[in-house]
Amino acid sequence: MPLLIRNGEIVTADARFRADVYVEHETITRIGTNLEVPDGTEVIDATGKYVFPGFIDPHVHVYLPFMATFAKDTHATASRAALVGGTTTFIEMCCPSRGEDALEGYHLWKSKAQGQSACDYTFHMAVTKYDEQTETQLRQIVADGVSSFKVFLSYKNFFGVEDGELYQTLMLARELGVIVTAHCENAELVARLQQKLLAEGRTGPEWHEPSRPEEVEAEGTNRFATFLEATGARGYVVHLSCAPALKVALDAKARGVDLTVESVIPHFLLDRTYAEREGVEGMKYVMSPPLRDKSNQKALWDALAAGLIDTVGTDHCPFDVAQKAMGEGDFTKIPNGIPAIEDRVNLLWTYGVSRGRLDLHRFVDAASTRAARLFGLFPRKGTVAVGSDADLVVYDPAYRGVISVATQHVNNDYNGFEGFEIDGRPSVVILRGQVAARDGEFVGEPGRGTFLRRTPAREPEFA
Ligand code: URP
Ligand code: ZN
Ligand code: ZN
């Protein structure tokens, strides 16, 4: 059935106007005022509401074997949560470990998502080792429509790559026109500091941050930038958490390194005192890079407002309380990660736009458009335009609520943002022309999400 979204205020990364949006099948076919529509059209009244492009989360973990356990979500649960929160596309980290075969991993991740995800999805392909066979497989994976890689400069011996492998990955990426996303921490220093702290009897979750201090992240960021400069590859730092790493990234950008920056919603709103809570309460907030001293948050918000931090993702990675408790008596065994896929947009809206830190267009850009542009999804995704996929969020800025585990769709038994007020929420979320969520509830079609085949955003260098 065709859809008309009537009388909303359309906001994209660079435009704002009142109009109707008409959708046929999966696509926006008309935008204008007082549009005539055929009988049988479903009309959604958006008076007093914004109409945003569907939001894109550029960094999530759904299927993830990690730290002797598995992240809790399935593609069914994570995608429902995403849609309820206004996210119509996510980019999942496909992360076979160093001991595993890259192509087998890729097929496994794809099979987990296919027919299960209710929202659209694609992958960043993790390169967790580099040898001849892996290189051949990476070429196949890129040909299959994955135009971004992921490297970890941390998690030694599991996901982490050595400097030589980083260099080879970047050279291949440059050749193929692929962008490389990177987790930037110095793996060796983290391992040494962990050993030292444990030997001193410092075993609680409050010691996670001191084991991966800000300088360790700044070093990883600087190393990644230096390797990008040497190879001419395109890079994207994931989950940047602190002012020293930000300075390194911005210095690199200023000298012409092709580097973009993501920060994730927890780092804007939570700080290290959460991980200093007693026992498992603190463990809930263990993630890497760790939650930092609150003084970093102003630098992150300012850089985001100025467009110097490009995107806001989540690094969504739920582990439940029992899993977190595996790290009782040894903080290095606490599964790293917290969930946020459902709440990212509302939190960014509330503490960014509503509380005066972020302009409306930058909000749309950071939470949708820029990821679409960087990762080869634009203009199919990331904007409201004739010809684009009809992924639309009718957003109600008058809604007032509070985040709670009791109402979340994420498959987890806590929410790290419990009790946070929100000043708005999606009232209708549309994925490719079908209503998928209304007023905090999933009403879509399970498994309807599609794998988004992407081509490299830049011409291959050596083709
Ligand atoms: O703590 C985190 N971030 N867990 C997920 C894995 C990663 O580093 O992205
Ligand atoms: Zn990471
Ligand atoms: Zn991650």
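Here the structure is a predicted model, which means the values were calculated and not measured. Numbering of ligands and ligand atoms starts at 1, following listing order.
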Please tell me whether Phe363 and Trp349 form a close aromatic pair, meaning their ring centres lie under 6.0 Å apart. yes
Using ring centroids (six-membered ring only for Trp), state whether Tyr395 and Tyr50 fall under 6.0 Å. no
Taking the N/O/S atoms of His61 one by one, which is nearest to the Zn ion (ligand 3)? NE2
Numbered atoms and elements of ligand 1 in range of Ser288, under 4.0 angstrom, heavy atoms: 1 (O), 2 (C), 3 (N), 8 (O)
Please evaluate residues His124 and Phe375 with respect to the criterion ring-ring contact (aromatic ring centres under 6.0 Å, His included), reporting the C-alpha separation (whole Å), side-chain torsions for both, the decisive distance (0.1 Å), and the verdict. CA-CA 9 Å; His124 298 303; Phe375 298 119; 4.8 Å; yes
Do me a favour and list the nearest non-hydrogen protein atom to atom 3 (N) of ligand 1 with residue, atom name and distance? Asp315 OD2, 2.5 Å
Under 4.0 Å to a heavy atom of His239 - the qualifying atoms of ligand 1, by number: 8 (O), 9 (O)
Residue pair Gln297 / His267, side-chain donor-acceptor N/O under 3.5 Å: no
Is the Zn ion (ligand 3) less than 2.8 Å from an N/O/S atom of Cys317, whether that atom is in the backbone or a side chain? no
Do His183 and His239 get their side chains close enough for a donor-acceptor pair, meaning under 3.5 Å? yes
Would you check if the distance from the ring center of Phe319 to the ring center of Phe70 is below 6.0 Å? no
Pull out every atom of ligand 1 sitting under 4.0 Å from any heavy atom of Cys317, numbered as shown with elements. 5 (C)
Side chains of Thr87 and Asp57: donor-acceptor distance under 3.5 Å anywhere? no
Can we call the ring centroids of Tyr167 and Tyr130 under 6.0 Å apart? no
Could you list the atoms of ligand 1 found under 4.0 angstrom from a heavy atom of His59? 9 (O)
Give the residue and atom name of whichever protein heavy atom lies nearest to atom 4 (N) of ligand 1, and the separation in Å to one decimal. Asn336 O, 3.1 Å
Go through ligand 1 atom by atom and flag the ones less than 4.0 Å from a non-hydrogen atom of Met287. 1 (O)
Within-shell test, Phe159 vs ligand 1, heavy atom, strictly < 4.0 Å: no
Answer with yes or no whether the side chains of Asp144 and Tyr106 bring together a donor and an acceptor at under 3.5 Å. yes
Could you check which N/O/S atom of His183 is closest to the Zn ion (ligand 2)? ND1
From the Zn ion (ligand 3) out to just under 2.8 Å, does an N/O/S atom of His59 turn up? yes
With no hydrogens and no angle check, just 3.5 Å: does a side-chain donor-acceptor pair link Gln133 and Asp101? yes
Is there at least one pair of N or O atoms, one from His61 and one from ligand 1, spaced under 3.5 Å apart? yes
Where is the nearest protein heavy atom to atom 7 (C) of ligand 1: which residue, which atom, and how far? Tyr155 OH, 3.5 Å
Would Met93 count as a contact of ligand 1 if the rule is a heavy atom under 4.0 Å away? no
For the Zn ion (ligand 3), the closest N/O/S atom belonging to Asp315: OD1
